[in-house]
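These notes concern the structure reproduced below.
Here is how names work: the chains are called A, B, and so on, in the same order as the sequence lines, proteins then strands, and each is numbered from 1.
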There are 2 protein chains.
Amino acid sequence: MRISEAASVSGLSVDTIRFYEKSGLLPPIGRGLDGNRKFSAENVDWLVLMSSLRETGMPLEKMRHFAELYRSGNRTISERKQVLLDHAEHLETKRAALDHCASLLERKLGLYAEIEEVPA
Amino acid sequence: MRISEAASVSGLSVDTIRFYEKSGLLPPIGRGLDGNRKFSAENVDWLVLMSSLRETGMPLEKMRHFAELYRSGNRTISERKQVLLDHAEHLETKRAALDHCASLLERKLGLYAEIEEVPA
DNA sequence: TACTCGCCTGGAGTGGCTCCAGATCAAGCG
DNA sequence: CGCTTGATCTGGAGCCACTCCAGGCGAGTA
């Protein structure tokens, strides 16, 4: 799969994928005879995961650590599991922030409605 | 209220508050005789809103626009309302991303469990 | 008086992209 | 066969949203 396809499947931009590769967040990506990157199914799956972790706020440093664990094989599985569990917990925090903001917006919109009903 | 208190109430850092002021995201903040910022209740309320909008992904540019509307008085209320409604919709998108990530993590964790049950 | 504490300002540094110039190569066309 | 188009490549500059730091000021305390 070409980089543009990998980009549209993962939701990352082409530039971001190249940047992630430079930053050590990806497993080695093969190259075709033309020198262009060729993404395997496994590569794309990994990109999708990275995209989702990043989109939900995991810093690159943590992702890099997770990628290193991945490269080190199956003996790191319990540690990787812990990283994902930690992130799952982080998602809860994020959800709470969304809920909080939603209710704040509702209150503000309510106030605006009042002001409009009783114009100066 | 001093800046450190405003920071702990709003959840923004002291530096970020100063940065927001420079960036035109805040209404004029008064100063005491000592030259230090003094935050009114309304100021703090605004900081809380800015904090929540920013935390849920609104870019500074949009926040600046909203702040300008706020400074322009009540005749901008319908436009401000629209900004908040748009953002409320944006929250839904964010929520979907969290859900998506959560189910992805669940699947990955399931796979790890399988691998651990049947070690090499 | 000396020390600490919180605040001030301007500016440098950081994380995470995003954009750009200039080069290469394969495919399609007249 | 040469020419154009389009996708990719690399290295590096630029940008957004902070974050940190040096150097300085004024109020309160020992």
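- When the side-chain nitrogen and oxygen atoms of A:Tyr20 are compared with OP1 and OP2 of C:dC17, one or more of them lie within a distance under 4.0 Å.
- Panel note: side chain B:Arg64, backbone B:Ser23; a donor-acceptor pair is recorded below 3.5 Å.
- Comment: B:Asp86 does not engage B:Lys62 in a salt bridge, judged by the lack of any side-chain N to carboxylate O separation of less than 4.0 angstrom.
- Between B:Asp34 and B:Arg2 there is no salt bridge, since no side-chain N of the basic residue sits under 4.0 Å from a carboxylate O of the acidic one.
- When each of A:Glu21 and B:Asp34 is assigned the nucleotide of DNA chain D with its nearest heavy atom, A:Glu21 is the one assigned upstream, toward the 5' end.
- The interatomic distance linking A:Ile17 (CD1) with C:dG16 (P) rounds to 17 Å, in whole Å.
- Put simply, chain B comes within 4.0 Å of DNA chain D, heavy atom to any atom, from D:dA17 to D:dC20, going 5' to 3'.
- Taking every heavy atom of residues 36-64 of chain A and every atom of DNA chain D, pairs under 4.0 Å involve A:Asn36, A:Arg37, by number.
- In this structure, the separation between OH on B:Tyr20 and CE on B:Met50 is 9.0 Å, given to the nearest 0.5 Å.
- Between C:dC19, C:dT9, C:dG6, one nucleotide has an atom nearer to the side chain of A:Asp15 than all others, and that is C:dC19.
- Nucleic acid contact class of B:Arg18 (heavy atoms, under 4.0 Å, all strands): base.
- Across the protein-nucleic acid pair, A:Arg31 atom CZ and C:dC25 atom P stand 14 Å apart, rounded to whole Å.
- Between the side chains of B:His87 and B:Thr56, at least one donor N or O lies within less than 3.5 Å of an accepting N or O.
- Neither OP1 nor OP2 of C:dC17 sits under 4.0 Å from any side-chain N or O of A:Ser13.
- Shown here is B:Gln82, whose CD atom has more than 12 heavy atoms of other residues, nucleotides or ligands within 6.0 Å.
- A donor-acceptor contact shorter than 3.5 Å is absent between the side chain of A:Ser51 and the backbone of A:Leu47.
- Within 4.0 Å (heavy atoms only), B:Ser4 reaches sugar-phosphate atoms of the nucleic acid but no base atom.
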Identify all side-chain donor-acceptor contacts of residues 7-17 of chain A below 3.5 Å with residues at least two apart in sequence or on another chain.
| unit_1 | atom_1 | unit_2 | atom_2 | d |
| --- | --- | --- | --- | --- |
| A:Ser8 | OG | A:Glu5 | O | 3.2 |
| A:Ser10 | OG | A:Ala6 | O | 2.8 |
| A:Ser10 | OG | A:Ala7 | O | 3.3 |
| A:Ser10 | OG | A:Leu12 | N | 3.2 |
| A:Ser13 | OG | A:Asp15 | N | 3.4 |
| A:Ser13 | OG | A:Thr16 | N | 3.0 |
| A:Ser13 | OG | A:Thr16 | OG1 | 2.8 |

